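Taking it in order: structure first as structure tokens, then the write-up.
What you see is a predicted model; the values in this text were computed from it and never measured.
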Amino acid sequence: MKRHRPLPSPAPSSTTGTPKPTITHYYSSKKPKTPLLLLPDLKQTPKWIPLNLPKSELYLPLTFPTGQTFRWKQITPFQFTGVIGPHLISLKHSNQTHVSYCLHNNTSQSDARSKLLDFLNMAISLTDLWSDFSAADPRFAELAGCLSGARVLRQDPLECLIQFICSSNNNIKRITQMVDFVSSLGNYVGEVEGVAFYEFPTLERLAEVSEEEHRKAGFGYRAKYIRGTVEELQSKPGGGVEWLMSLRKLDLESAVEALTSLPGVGPKVAACIALFSLDQHHAVPVDTHVWKIATRYLIPELAGKKLTPKLCSHVADAFVERYGKYAGWAQTLLFIAELPSQKALLQSLNETVKDVKPEKIKEEEGS
């Protein structure tokens, strides 16, 4: 997945005529109606609090701009801002090493920290994982030094589900615009460096948006899938949010089967959701990029063959056989290492290639 910067705000529309509704129009035109005096004061000097996490356990540029989530914005090269529940949070590296966080709005500091650590999957030690992977695979031993700190996030399942429906057969810029539009349906929580942030909308709020409104916003055929999925979730006994959370307790096969019953969720999207939000650490999303990685390093005897659903299962099994119960983390790391948009960063971290010009690296358009 490609790195991306916050979407620029469009120029104000003319007072004459009605602008054509687009994703950017819908997203940027949704302004909070709350009087300014009642909005959080984000102009104060940010209070940065250490998370006591070394770069080896969390390196932001190798975690956030890698296609796991499309709701966090890169404010500076080493600062990312996003929303977790009701909390508007920034993360940054101090001297490009240890990580600190800043809570921008007036919510509970203790709750924000707790939810942040859960979101970052900090119950899992990267140092231990990378050591195991390096012992199992010489390729990992080569990459471990420059890829340390690349984490798999533990996202809210509803938020993750909607994002990856948007990601299907799409490019990064458009996925981000779609996710920004959906996000803008939620409660406004504040602004950082000119970028407005919103709490992810509830299932009830999503149900108020028609398929036609999504189509007018530029979602195309995905509008039908989002609307259909929301309706399916609303029909679940106990509620759709509870149903999604319950998938964390299932085995991977059962979780994927449940997810693929939803409109617009195929095996790859289901594997992404399972890995990035449902604690299915050995889920391996397989696409043509992962297929190339697998045939290069794991199953070279299949190089040149066409990827089929049966071979997708074979690839996932090959990752699990090599890397064990955290195979999805290993696959994510190898995937990051192959991204054209990340290679300049990896080269600079490894200090093996000089004078890299990132602007000359062709951006990857597929998801």
Side-chain angles (χ1 to χ4, degrees), residues 1-2 62-63 66-68 121 124 126 128-148 150-153 164 167-170 250-257 259-260 265-343 345-347 350 352 361-362 364-367:
M1 293 294 178
K2 311 189 287 201
L62 288 177
T63 298
T66 55
Q68 296 186 55
N121 241 333
I124 297 172
L126 281 189
D128 292 343
L129 283 189
W130 288 178
S131 177
D132 292 343
F133 293 159
S134 296
D137 186 354
R139 169 68 171 162
F140 249 97
E142 297 175 4
L143 294 173
C146 62
L147 279 176
S148 62
R151 299 196 69 85
V152 168
L153 301 171
F164 277 93
S167 76
S168 180
N169 298 314
N170 212 345
L250 302 181
D251 60 81
L252 176 58
E253 183 179 355
S254 298
V256 168
E257 182 179 357
L259 289 169
T260 52
V265 180
K268 180 204 168 184
V269 167
C272 289
I273 298 164
L275 176 61
F276 300 138
S277 71
L278 299 180
D279 299 336
Q280 303 288 348
H281 303 299
H282 64 296
V284 178
V286 178
D287 59 10
T288 55
H289 306 293
V290 175
W291 169 245
K292 290 178 181 178
I293 294 171
T295 54
R296 190 178 305 146
Y297 302 112
L298 298 178
I299 43 178
E301 67 274 12
L302 296 181
K305 291 185 177 294
K306 183 179 180 181
L307 183 61
T308 64
K310 183 177 181 179
L311 286 180
C312 283
S313 297
H314 188 51
V315 168
D317 291 342
F319 272 95
V320 173
E321 182 178 351
R322 176 69 62 88
Y323 303 110
K325 64 181 181 179
Y326 287 94
W329 290 59
Q331 175 268 325
T332 298
L333 193 97
L334 292 173
F335 180 80
I336 292 171
E338 296 294 324
L339 292 177
S341 57
Q342 294 290 346
K343 283 185 176 178
L345 174 61
L346 296 178
Q347 289 168 347
N350 206 30
T352 58
I361 298 177
K362 182 179 180 181
E364 181 177 338
E365 288 297 325
S367 60

For residues Phe164 and Ser167, report the shortest heavy-atom separation together with the two atoms involved. O-OG, 2.8 Å
Considering only heavy atoms from C-beta outward, does the side chain of Leu147 approach that of Leu62 to under 4.5 Å? yes
Quick one: closest heavy-atom pair of Leu259 and Ala274, and the distance? CD1-N, 4.3 Å
Under 6.0 Å from the CD atom of Glu301, do we count more than 12 heavy atoms belonging to anything else shown? yes
Between Leu250 and Glu257, is a side-chain contact (heavy atoms from CB on, under 4.5 Å) present by the stated rule, with each step listed? CA-CA 10 Å; Leu250 302 181; Glu257 182 179 357; over 6 Å; no
If I compare all heavy atoms of Leu333 with all of Ala150, which pair ends up nearest, and what's the gap? CD1-CB, 3.8 Å
Decide yes or no on side-chain contact (heavy atoms from CB on, under 4.5 Å) for Thr66 and Phe335, but give the supporting numbers first. CA-CA 9 Å; Thr66 55; Phe335 180 80; over 6 Å; no
Per the side-chain contact (heavy atoms from CB on, under 4.5 Å) rule, which among Leu334, Val152, Val284 passes with Trp329? Val152
Rounded to the nearest 0.5 Å, what's the gap from CG on Leu252 to CG on Asp279? Could you check? 12.0 Å
Val286 side chain near Gln331 side chain, heavy-atom distance below 4.5 Å: no
Option among Leu311, Val315, Asp317 that satisfies the side-chain contact (heavy atoms from CB on, under 4.5 Å) test with Ile299: Val315
Closest approach of Ala270 to Thr260 (non-hydrogen atoms, all atoms of both residues): CB-CG2, 3.8 Å
To the nearest 0.5 angstrom, please state how far the OG1 atom of Thr295 sits from the OH atom of Tyr297. 10.0 Å
If you take all heavy atoms of Thr63 and Arg151, which pair is closest and at what distance? OG1-N, 3.1 Å
Would you check if the side chain of Ser134 reaches a backbone N or O of Ser131 as a donor-acceptor pair within less than 3.5 Å? no
Show your reasoning for whether side-chain contact (heavy atoms from CB on, under 4.5 Å) applies to Val290 and Phe319. CA-CA 10 Å; Val290 175; Phe319 272 95; 3.8 Å; yes
Is the shortest side-chain heavy-atom distance between Trp291 and Lys306 below 4.5 Å? no
Indicate yes or no: at least one non-hydrogen side-chain atom of Val256 is less than 4.5 angstrom from one of Gln280. no
Measuring from atom CG of Asp132 to atom CG of Asp137, what distance do you get when rounded to the nearest 0.5 angstrom? 12.5 Å
Output for pair (Leu129 CG, Tyr323 OH), nearest 0.5 Å, gives 12.5 Å
Enter the distance from Leu298:CG to His314:NE2 here, rounded to the nearest 0.5 Å. 9.5 Å
Within a strict 4.5 Å, meaning less than it, do heavy atoms of the Leu126 and Ser148 side chains meet? no
Hey, could you give me the NE2/CG distance between His281 and Asn121, rounded to the nearest 0.5 Å? 6.0 Å
Do Arg322 and Arg139 touch side chain to side chain, with heavy atoms closer than 4.5 Å? no
